[in-house]
Chemist: 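Below is the structure I would like to discuss, written out as structure tokens.
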Amino acid sequence: MAGPEELDEAEILVDLSAIRHNCAMLAEVVAPAQLMAVVKADAYGHGLEPVAHAVRAAGVPWLGVARVAEGLELRRLGDTGRILAWLDLPGHVPYEEAVRQDIDMTAYSRRELRLIAAAGRSVGRAARVQLKVDTGLSRGGCPMADWPRLVAEAREWEEEGQLRVTGIWSHFACSDDPEHPSNDAQERVFREALAIAEAAGLRPEVRHLANSAAAVLRPSSRFDLVRAGLLVYGLDPAPGHLPDLDLRPAMTVQTPLAMAKPIAAGTGVSYGHTWVAEHPTTVGLVPAGYAEGIPRHASSRAEVWVAGRRRPVRGTICMDQFVVDLDGDLPEPGTRVLVFGPGDHGEPTAQDWAEASGTISYEIVTRIGGRMVRRYVEEDQR
Ligand SMILES: *Cc1c(COP(=O)(O)O)cnc(C)c1O
């Protein structure tokens, strides 16, 4: 494997060439639909500024964020492209600033629409607003029962020049399970919602429904734009269902080994002695724990890569550290421990950690951080 076999601090490596590559591949797969790269939550733990820069360098026209504040942060960082934000507490948003900074805001209700229209009026320019309809996820979005009133009111504001409806969108509940009947049902409801909006006179620039999994698995759901998050980072949103798209996981987490030592048969390891050595062995101390986002649920389940082999985690993962079984080897302190990476050389992946801890790779990468430092690299520097 490329890169040094010795380290002096725990780090999160983010391969920006992988992110550019993934965007280019995805853009090709979804064309003629456009690509939105979702960079909410500090770009799924990969770091907002460098990721946004890489994504734009790959030619991606839209960035997606949850909060308006995340969109405004992108503007502060100099981003000038299209940005959509989709979730804030109504009334607790710097609406006027968002209008001035050309952030597309999402309205789920007439109440939000009025707040956005008022900001458009006071700034003196049409606020860019996208309407979200709930087609069956039952999370955010306007219920279908209220949709005709929402679109009618939006059209009135539009005619008065206080806002412009730039998009209409919705979100799937089960796109990671392509056979699930709710996918067809949601797409059908979305088409109905679009027809109602069109009949009311709305002509949105972009209609969008698909997240990563649907963008690949359900071409009929691509419409004008797809909102891809996880695939941008090279991870698989629907394990077992996706074709090989040649995407590259961008994140590698590695730490130096803090120590290695022999232990006797019968020795209990880590808090609670939940693992006891059956045979004499050697163990290694990895200086990262749940404070760094290493999931405690992966105690005695996950593996790491040390000195050319996978090594099982033994016992409870602690706040700052955990222990791995080195099976008789005694590598020097400072030896590189690959917690997870792309998997090219046999090291575990974020998906492996997700399975070991009963979650999804989204949560693994998004929670990684704590005291680890992030370092940005290009492919050949990993
Ligand atoms: C997070 C999010 C996405 C991205 O989902 P992925 O599965 O990571 O592609 C898309 N749309 C909305 C509304 C989201 O909240």
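All heavy atoms count here, side chains included; hydrogens, waters and symmetry mates do not. Just so you know, ligand 1 is whichever comes first in the structure, and atom 1 is the first atom listed for that ligand. Numbering starts at 1 and runs along the sequence shown. What you are looking at is a predicted structure, and each value in this text was computed from that prediction instead of being measured.
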Chemist: Between the side chains of H208 and Q34, does any donor sit under 3.5 Å from an acceptor?
Modeler: no
Chemist: Do any pairs count as a ring-ring contact (aromatic ring centres under 6.0 Å, His included) and have a residue in residues 209-245, sequence neighbours left out, and if so which ones?
Modeler: Y44-Y233, H46-Y233, F190-F223
Chemist: Between ligand 1 and G229, is the shortest N or O to N or O distance under 3.5 Å?
Modeler: yes
Chemist: May I ask you to identify the nearest protein heavy atom to atom 13 (C) of ligand 1, giving residue, atom name and distance to one decimal place in Å?
Modeler: W169 CZ3, 3.5 Å
Chemist: Mark up the atoms of ligand 1 that fall under 4.0 Å of a heavy atom belonging to Y44, in ascending order.
Modeler: 1 (C), 4 (C), 5 (O), 6 (P), 8 (O)
Chemist: Considering only the protein, which heavy-atom contact is closest to atom 7 (O) of ligand 1, and what is its distance?
Modeler: Y362 OH, 2.6 Å
Chemist: Test side-chain hydrogen bond (donor to acceptor under 3.5 Å, both in side chains) on S122 and E96 and set out the steps.
Modeler: CA-CA 7 Å; S122 82; E96 293 176 10; 2.8 Å; yes
Chemist: So which heavy atom in the protein is nearest atom 11 (N) of ligand 1, and how far is it from that ligand atom?
Modeler: R227 NE, 2.8 Å
Chemist: My understanding is that only residues two or more places apart in sequence, or in another chain, count here; which of them pass side chain to side chain contact (heavy atoms under 4.5 Å, CB included) with R128?
Modeler: W62, R82, D102, D104, T166, E205
Chemist: If you measure only the distance, is there a donor-acceptor pair under 3.5 Å linking the side chains of T316 and S270?
Modeler: no
Chemist: Anything under 30° is parallel, anything over 60° is perpendicular, the rest tilted; go ahead and classify F322 against W353.
Modeler: perpendicular
Chemist: Considering A238, S170, A228, S212 one by one, which has a heavy atom nearer to atom 6 (P) of ligand 1 than any of the others?
Modeler: S212
Chemist: May I ask you to check whether S182 and H180 show a side-chain donor-acceptor distance below 3.5 Å?
Modeler: yes
Chemist: Taking only heavy atoms of L230 into account, list the atoms of ligand 1 that are under 4.0 Å away from them.
Modeler: 6 (P), 8 (O), 9 (O)
Chemist: Is there a heavy atom of P237 sitting under 4.0 angstrom from any atom of ligand 1?
Modeler: no
Chemist: Looking only at protein heavy atoms, identify the closest one to atom 2 (C) of ligand 1 and say how far it is in Å.
Modeler: K40 NZ, 2.5 Å
